[in-house]
Asks: 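Let me give you the structure first, and then I'll get to my questions.
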Amino acid sequence: MSHLSDVTFHKKISGSPKIVVTVCADDLALPAMLVDGRADLQAFFEKAAGATGFDGTHGKTINLVTPGGAEFDRLIVLGLTSKDDDDATNWLNIGGQMMGALSGDSASIVLGEVAAADMSSCAKGLYLRSYKFNKYKTKEDDDKSKVKSQKIGIVGVAFEEAKKLWTTDRAVADGTIFARNLVNEPANILTTTEFAERLKELGELGVDVQVLDEKALGKIGMHALLGVGQGSAMPSRVVVMRWNGGKAKDQPLAFVGKGVVFDTGGISIKPAGGMEDMKGDMGGAAAVSGLMKALAGRKAKANVVGIVGLVENMPDGMAQRPGDIVTSLSGQTIEIINTDAEGRLVLADLLWYTEDTFKPKFMINLATLTGAIIVALGNDHAGMFSNSDDLSAKLSMAGEASEELVWRMPLSKSYDKLIDSKFADMKNTGGRWAGSVTAGQFLKRFVRDVDWAHLDIAGTAMGSPTTDISHSWGSGFGVALLNQLVADQYEN
Ligand code: BES
Ligand code: MN
Ligand code: ZN
């Protein structure tokens with residue numbers, strides 16, 4: 001639901017746009033291709049800048065009505081100069097800021113001598129920022145009618161190369177948007193079975209999609225996962241997605257997602273305030289699904305397995321109780337202390353199954369797992385728990401590069417005693433303290449000999465403050481991060 005159907009690239013301004021958007025540094029020099037032979041336009045801009053205090057600083061924007069004689073009516077200029085080098089070169093965010101300034105109008109964005117990769121990043125920023133989840137608004141607001149025909153062209157010398165790069169960048173952005181849509185969708189529409197149906201559509205891109213129903217899951221022995229869904233009228237599902245873009249002998253990379261389509265807490269029911277947010281408790285599954293779409297869309301040269309556990313945590317007469325003991329696929333038994341600690345039960349079986357079945361090079365799971373990670377890290381970093389320094393370092397680097405940040409948290413044997421149970425091999429909660437760590441420690445018991453990382457995305461997948469590139473409740477966090485990891489470390 002990006003309201004920009006596409007961004008195009010051009011050598012020069014075409015189609016007589018009414019609005020031109022461009023950038024300048026603190027010398028206030030506009031791109032040569034815009035002002036060559038148009039000294040009057042440069043002079044007009046400098047006068048307006050001086051009169052309004054616009055000095056080319058990053059984050060500042062000037063929005064002008066052009067004088068008579070100009071080919072376009074409005075000129076919007078964004079400042080680039082910053083003490084922080086990262087700002088001035090961050091074309092993804094600059095693209096987002098441009099879309100913010102345009103709010104639905106068609107325009108030409110004149111970048112001049114900017115590098116091809118930066119032109120494409122700018123397009124990605126525009127595209128991601130233009131996303132709006134308004135399919136359930138039946139009254140057309142001004143915005144909506146305007147954006148229908150919005151056309152944006154980016155003009156620069158590197159237009160040809162930029163066009164090529166955009167096919168890749170756009171595929172990744174479409175993966176993020178796929179994930180955002182899944183997270184934003186309400187749970188009466190996006191049921192477990194509907195989620196699985198939407199994943200089948202990835203087949204069109206060459207992803208092999210296999211849906212396991214409850215009968216199959218029972219046969220496999222995923223009783224920890226099935227226990228979570230047994231109080232819901234909607235049946236549980238596990239969906240396995242495979243993209244084989246690598247060499248036949250390449251070990252697959254595995255991504256595992258928590259897909260609780262709604263988390264009431266079950267019998268240990270949550271308080272009413274804010275419970276509606278729990279429609280986003282499938283943010284891990286959404287990220288894995290969006291990643292598969294991105295990788296297939298850009299034809300990544302890697303073998304990748306994405307696996308999601310789709311369940312609904314509801315409290316009916318069949319629901320799981322505190323005190324119940326379930327036997328997980330691993331054979332280990334789990335005493336349910338709190339039915340609201342359900343995500344780890346889903347992941348326990350998925351992790352065991354994934355390592356066993358696919359013998360992956362690594363496993364990374366994503367989950368909106370604990371409220372405690374929001375207390376610890378807020379909305380700016382996902383919590384990362386891992387048994388591998390190497391995989392952690394690679395994920396941290398991918399985080400910096402993609403601006404989807406992770407921060408490593410501890411795992412250690414000393415926390416294990418907190419989840420030992422009187423009646424079973426372990427219990428599913430560890431008490432009041434270190435809630436995110438005991439959740440990680442629980443998951444670790446279902447990982448044997450493979451590099452593994454658990455990303456707790458409860459604070460980053462939904463409800464984050466808006467950014468330059470996202471005004472969406474569901475952020476799509478994880479797609480850009482993991483795509484970056486695969487692209488930088490595991491292709492060719
Ligand atoms: N889905 C929640 C975690 C969550 C909370 C995600 C807020 C996003 C925003 C998870 O299933 C849960 O309920 N966790 C409990 C665990 C507790 C019962 C040990 C929590 O964090 O309170
Ligand atoms: Mn819960
Ligand atoms: Zn949950």
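First listed ligand is number 1; within each ligand, the first listed atom is number 1.
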Asks: Can you tell me if, anywhere in Ala341, an N/O/S atom lies at a distance from the Zn ion (ligand 3) that is smaller than 2.8 Å?
Replies: no

Asks: Check for me whether Arg445 meets the cation-pi criterion with Trp352, that is, NZ or CZ under 6.0 Å from the six-membered ring centre and within 45 degrees of the ring axis.
Replies: no

Asks: Give the intermediate values and the outcome of side-chain hydrogen bond (donor to acceptor under 3.5 Å, both in side chains) for residues Asp281 and Thr368.
Replies: CA-CA 6 Å; Asp281 206 20; Thr368 49; 2.4 Å; yes

Asks: Have a look at Glu342 and say which of its N, O or S atoms is nearest the Mn ion (ligand 2).
Replies: OE1

Asks: Out of the N/O/S atoms in Asp263, what is the name of the one closest to the Mn ion (ligand 2)?
Replies: OD2

Asks: I'd like to know whether Arg408 forms a salt bridge (Lys or Arg N to Asp or Glu O under 4.0 Å) with Asp389, so could you lay out the CA-CA distance, the side-chain angles of the two residues, the decisive distance to 0.1 Å, and finally the verdict.
Replies: CA-CA 10 Å; Arg408 193 170 183 185; Asp389 292 344; 2.9 Å; yes

Asks: Any carboxylate oxygen within less than 4.0 angstrom of a Lys/Arg side-chain nitrogen, looking at Lys394 and Asp488?
Replies: no

Asks: N/O to N/O below 3.5 Å, does that happen between Gly371 and ligand 1?
Replies: yes

Asks: Within a distance under 4.0 Å of any heavy atom of Thr368, pick out the atoms of ligand 1 and give their elements.
Replies: 1 (N), 2 (C), 3 (C), 6 (C)

Asks: State if Ile374 counts as touching ligand 1 under the rule of any non-hydrogen atom under 4.0 Å.
Replies: yes

Asks: Just to confirm, does any protein heavy atom lie below 4.0 Å from atom 13 (O) of ligand 1?
Replies: yes

Asks: Note the single closest protein heavy atom to atom 18 (C) of ligand 1, along with its residue, its atom name and the distance in Å.
Replies: Asn338 ND2, 3.5 Å

Asks: Give the name of the N/O/S atom in Glu342 that lies closest to the Zn ion (ligand 3).
Replies: OE2

Asks: Mark yes or no: Arg180 above the aromatic ring of Tyr131, with NZ or CZ under 6.0 Å from the six-membered ring centre and no more than 45 degrees from the axis.
Replies: yes

Asks: Any chance you could lay out the salt bridge (Lys or Arg N to Asp or Glu O under 4.0 Å) test for Asp324 and Arg321, step after step, and finish with the verdict?
Replies: CA-CA 6 Å; Asp324 284 5; Arg321 293 153 289 256; 3.2 Å; yes

Asks: Just which atoms of ligand 1 are under 4.0 Å from any heavy atom in Met462?
Replies: 8 (C)

Asks: Find all atoms of ligand 1 within a distance of less than 4.0 Å from any non-hydrogen atom belonging to Glu342, and give their numbers and elements.
Replies: 11 (O)

Asks: Considering the heavy atoms of Asp263, write down every atom of ligand 1 situated less than 4.0 Å from one of them.
Replies: 1 (N), 2 (C), 10 (C), 11 (O), 13 (O)

Asks: Could you pull out the closest heavy-atom pair between Val406 and Ser396, with the gap in Å?
Replies: CG2-CA, 3.9 Å

Asks: Give a yes/no answer: is there an N/O/S atom of Asp281 under 2.8 Å from the Mn ion (ligand 2)?
Replies: no

Asks: So how far is it from Asp169 CG to Ser121 OG, rounded to the nearest 0.5 Å?
Replies: 5.5 Å

Asks: Which atom names give the shortest non-hydrogen contact between Leu369 and Asp456, and what distance separates them?
Replies: N-OD1, 3.1 Å

Asks: Does ligand 1 have any atom sitting under 4.0 Å from a heavy atom of Lys258?
Replies: yes

Asks: State yes or no: are the ring centers of Trp166 and Tyr127 separated by less than 6.0 Å?
Replies: yes

Asks: Which of the atoms of ligand 1 are close to Thr429, meaning less than 4.0 Å from one of its heavy atoms?
Replies: 19 (C)

Asks: At what distance is the nearest protein heavy atom to atom 16 (C) of ligand 1, and which residue and atom is it?
Replies: Arg344 NH2, 3.9 Å

Asks: Only to 10 degrees, please: what angle do the OD2 atom of Asp281 and the OD2 atom of Asp263 make about the Zn ion (ligand 3)?
Replies: 90°

Asks: Using the benzene-type ring in the case of Trp, are the ring centres of Phe362 and Phe255 under 6.0 Å apart?
Replies: yes

